[in-house]
Amino acid sequence: MGPETLIDAIRTKLGPAVEGVADSCGDPVLILRSDSVRASMAALREAPFDYAVLLDLTCVDFAAPEGRLELVYHLFSLSRNVRLRLKASLPAADPAVETLVGLWKNAEWLEREVFDMFGVRFEGHPYLRRILTYEGFEGHPLRKTYPWRLAQPRIPLKDGE
Amino acid sequence: MGPLTRIQREARPESMLLNMGPSHPAMHGTIRIMLELDAEKILNAEVEVGYLHRGFEKTCENKTFFNLLIYTDRLNYVSPLINNLGYAMTMEKMLGVTVPERAQLIRVLMSEISRVSDHLTCLAAMTMECGAFTVFLYMMKAREFLWDVIEFTAGARMTTSYIRIGGVRADLHPDWRASVSTAIRETRRVLQDVSGLIDQNSIFLGRTRGVGAISKEDALSFGWTGPCLRSTGIPYDVRKAHPYLVYDRLSFEVPVGEFGDNYDRYSVRMREMEQSLRLIEQVAVLLPDAPPLPAGPAVEPAEAVRGSRRQRTPGRIRLSPNLEGSEKERLDGLAARSPSVGVPAKEDTYTSMEGLISHFLFFMGGKGIRPPKGDVYFSVEGGNGELGFYIVSDGTDRPYRLHLRAPCFHVVAALEQLIKGRLIADVIPTFGSMNMIGGELDR
Amino acid sequence: MSGFDFLTTRLETALGWGRKFSLFHYPFITACCGMEYMSAACAHFDIDRFGAGLTRFSPRQADLLLVVGTVTHKLAPVLRTVYDQMLEPKWVIAFGACAVSGGIYRNYAVVQGIDRIVPVDVYIPGCPPRPETVLDGLMKLQDKIQNQKQDWRWARKP
């Protein structure tokens, strides 16, 4: 499948779940509706698309300009040697999306990281807990509203901020 | 005390909870494994990471594209040059810059040296934790020779920031061929010695054969890449699958394992080092000597400035020793010469008004490297697997968002599954063979 | 020593001499500097020449705490615990820019120097410091130990 026909085939398969298609530096990008992320991913994981690897999951905070967070998924198909980027927008006020745990095993940790850094709730996640920061850390450091240098020490520190 | 962790909640009342790390010799200082034990048998495990979370991504949002290069050195600090390369190539994809051939070859040379030192460090630590201290000393010895090559050229041993956006910082050291061949010779000898000591060693085999095995399906489901994925028999290597630089013109093999156990991870790394040494040799043949500098005496910069006031064009300018190799004549073959991408030649900065202006325009806040709006993902084959950078730009001189796809994050995510049902002693080689690097895992 | 039947010294000097050449260190390794620590400890640079070759991975047996690398706020309580578990006399070396001052990481996650958590005797700058710098820092600490006034309270009768 060439890139054009591939995108067409995916659009046909997923139907209204795909909100749009974009191109970024030559890589295809699919924009998904946030309420159909899990169903779309489950379909993409099966043949004929065969995206067997969840390469990466991250998030971008567009809260200040656009009032939304953008989840960015990277899928990889080993059999066809292609990558695919998918995006889904969530409202910045109360971001929530269905979890991918059960489809891919690394989704558990990746989603915990996004929860920790951005405060996105993954519904149905078995163990949504902070992963890089610690219990008692307030706020989500990669949100643009979180000050770059605001530390939250766990033990009292001598003469410092 | 915060709320109970999962393992604390679910532990059977008769079993024992044991904490390994974060300050434990085999946990590399930055990881904590909570174990639920029945005598020595592990019933359940929970891995806690983040002890080295240094806020890399947040910091990058506040640094210019040029300045944040130094932070990429400290991600996977065992092979910093590959991290530089990943970041630089992602930016080049975004900016649409082509890198000169010579710089591409130097990049391959440097990243293969880094890969060997990465694998050496991983195996040294793994075998030492299994009790083979001799192997540790031997492998560290080989690493010193490899780092000599890097130090001669880049000036620093580890955190070099040598690979820059658009090319490399300076040309190779005039004596690089000698140091490379010494490094290759010494590394080969060490690899041979280590093979002899370890490959058939029954203590080592007992702790690695069949221990920590993972199936192909699980490895893919966990998003494994790199040597760990290849140990299960899947020959996925970014250098082959999505060739970058000049890898498609070089000949090398992708070693694979069979069972995906600790021993396979060890043996894949051993064989990969040999392939990397082959690549270094090929590049050394392809890489011509540096173009000679123009003859004649070099002028001190101050003298050249005085001369330029009298409209006199100076000959060659003597640069400070730490700029050795990045003379204007050489820079053309080393970096894309576009004022919006690379640092202008120092000779111009010292002597001409235009050069000085372009120098300031490059380093001034709000100017410098400003990629177009949009996002980009690019990955290279790092020491641990697919090392990807995802960068979102809003058109300013700072990234709006920079995310690292850390290969060992995905690998360590599988640790809980691999050690469940095994003995405590199996944790050590399993964790060691994963090559957890804190800077990359926790960012 | 042939030809000499006796040797005079001050008890304090003898104690200092004994202590400075038998440093058992606990490497609290977290980050990049660990690579240079490994180099310093191995055959090329051989920290053992200075009597500090024996690593003890139990704080109870160590008298020199080498804090190698970045200490984050998440890790800070662990460092404090390890230091508290060590027995007197004990010394601390801050190894690398991050341990000295937070280094290039001035952000929400990193402690701006371990002297906020534990007292430090010798600071070794560098990102990471070269092994030669490490050996220099170790020799500085040895000088300090040699010249340290001993605390004789333990020897007094109650």
Side-chain angles (χ1 to χ4, degrees), chain A residues 22-27 29 45 51-62 65 70 72 74-78 81-85 87 102-110 112-114 116-117 126-127 129-137 141-144 146-151 154, chain B residues 1-3 5-6 46-53 55 57-59 61-62 90 93-96 216-225 229 234 236 240-242 371-372 374-379 386 388 390 392 394 400-401 403-406 409-414 416-417 441-443:
Chain A
D23 178 89
S24 108
C25 300
D27 302 328
V29 182
R45 202 169 150 258
Y51 286 102
V53 183
L54 174 60
L55 209 54
D56 196 14
L57 162 61
T58 186
C59 185
V60 189
D61 179 8
F62 290 110
E70 190 176 77
V72 184
H74 281 93
L75 301 186
F76 176 62
S77 163
L78 194 69
N81 195 21
V82 285
R83 301 192 185 108
L84 179 68
R85 189 180 312 154
K87 294 180 177 176
L103 292 177
W104 286 284
K105 291 194 173 182
N106 55 349
E108 183 173 333
W109 274 32
L110 286 170
R112 274 176 68 183
E113 189 195 326
V114 172
D116 188 1
M117 294 287 128
Y127 192 44
R129 180 168 164 267
R130 288 189 179 276
I131 183 166
L132 296 184
T133 60
Y134 31 89
E135 287 300 333
F137 194 92
L142 280 177
R143 292 286 279 257
K144 294 279 177 189
Y146 190 90
W148 175 25
R149 286 173 170 160
L150 177 66
R154 294 172 79 190
Chain B
M1 289 302 285
T5 55
R6 174 159 65 181
E46 186 175 335
V47 177
E48 166 103 31
V49 299
Y51 287 98
L52 194 58
H53 176 60
E57 294 176 4
K58 185 84 176 175
T59 309
E61 289 174 15
N62 295 286
T90 312
K93 181 175 176 185
M94 206 172 198
L95 292 158
K216 282 181 187 176
E217 293 72 31
D218 275 0
L220 285 177
S221 182
F222 271 113
W224 282 26
T225 46
L229 177 68
I234 298 174
Y236 174 66
K240 283 274 189 206
H242 307 275
D375 56 344
V376 66
Y377 175 85
F378 188 81
S379 62
E386 178 162 342
Y390 176 69
V392 181
D394 59 349
Y400 190 78
R401 170 100 173 89
H403 174 73
L404 173 81
R405 186 216 180 260
F409 188 80
H410 304 255
V411 177
V412 175
E416 288 170 15
Q417 179 185 320
L441 176 78
D442 300 337
R443 280 153 283 150

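The sequence lines fix the lettering, A, B, ..., with proteins before strands; numbering per chain opens at 1.
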Name the member of [options] that forms the most heavy-atom pairs with chain A at distances under 4.5 Å.
options                            : result
B/Leu220, B/Asp375, B/Val392       : B/Asp375
B/Gln417, B/Arg6, B/His53, B/Met94 : B/Arg6
B/Val49, B/Asp218, B/Asp442        : B/Val49
B/Ala406, B/Gly55, B/Gly223        : B/Gly223

So what's closer than 4.5 Å to chain B heavy atoms on [X]: side chain, backbone, both or neither?
X        : value
A/Leu142 : both
A/Phe62  : both
A/Asp116 : neither
A/Arg45  : neither
A/Leu110 : both
A/Asn81  : both
A/Val29  : neither

Please classify the contact between [X] and chain A as side chain, backbone, both or neither, with a heavy-atom cut-off of under 4.5 Å.
X        : result
B/Glu48  : side chain
B/Glu217 : neither
B/Tyr390 : side chain
B/Val376 : both
B/Leu52  : neither
B/Phe409 : both

Minimum heavy-atom separation for [X] and [Y], please, with both atom names.
X        : Y        : result
A/Leu57  : B/His403 : O-NE2, 4.1 Å
B/Tyr236 : B/His242 : OH-CD2, 3.9 Å
B/Ser221 : A/Leu103 : OG-O, 4.3 Å

- [ ] Count the heavy-atom pairs under 4.5 Å between each of A/Trp104, A/Tyr146, A/Trp109 and chain B, then report the option with the highest count.
- [x]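 Option with the top pair count is A/Trp109.
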Open item on the list: If you count heavy-atom pairs within less than 4.5 Å of chain B, which of A/Asp56, A/Asp27, A/Val72 leads?
Closed with: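 Top count of heavy-atom pairs under 4.5 Å with chain B: A/Asp56.
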Open item on the list: Could you check whether any side-chain N or O of A/Arg83 sits under 3.5 Å from a backbone N or O of A/His74, counting only pairs where one atom can act as donor and the other as acceptor?
Closed with: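 No, because the side chain of A/Arg83 does not come within donor-acceptor range (under 3.5 Å) of the backbone of A/His74.
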Open item on the list: When you measure from the side chain of B/Ser379 to the backbone of B/Glu386, do you find a donor-acceptor pair of N or O atoms at a distance under 3.5 Å?
Closed with: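 Not at all, since once roles are kept as given, no pair shorter than 3.5 Å links the two residues.
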In Å and rounded to the nearest 0.5 Å, what is the [atom1] to [atom2] distance from [X] to [Y]?
X        : Y        : atom1 : atom2 : answer
A/Glu108 : B/Glu416 : CD    : CD    : 7.0 Å
A/Leu55  : A/Arg85  : CG    : CZ    : 11.0 Å
B/Arg443 : B/Arg405 : CZ    : CZ    : 10.0 Å
B/Glu61  : A/Lys144 : CD    : NZ    : 3.5 Å
B/His410 : A/Leu54  : NE2   : CG    : 7.5 Å

- [ ] May I ask you to say whether A/Glu135 pairs ionically with A/Arg130, meaning some side-chain N is under 4.0 Å from a carboxylate O?
- [x]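 Salt bridge flag = no for A/Arg130 with A/Glu135.
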Open item on the list: A side-chain contact here means heavy atoms from C-beta on lying under 4.5 Å apart; do A/Val82 and A/Leu75 qualify?
Closed with: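 A/Val82 vs A/Leu75: side chains apart.
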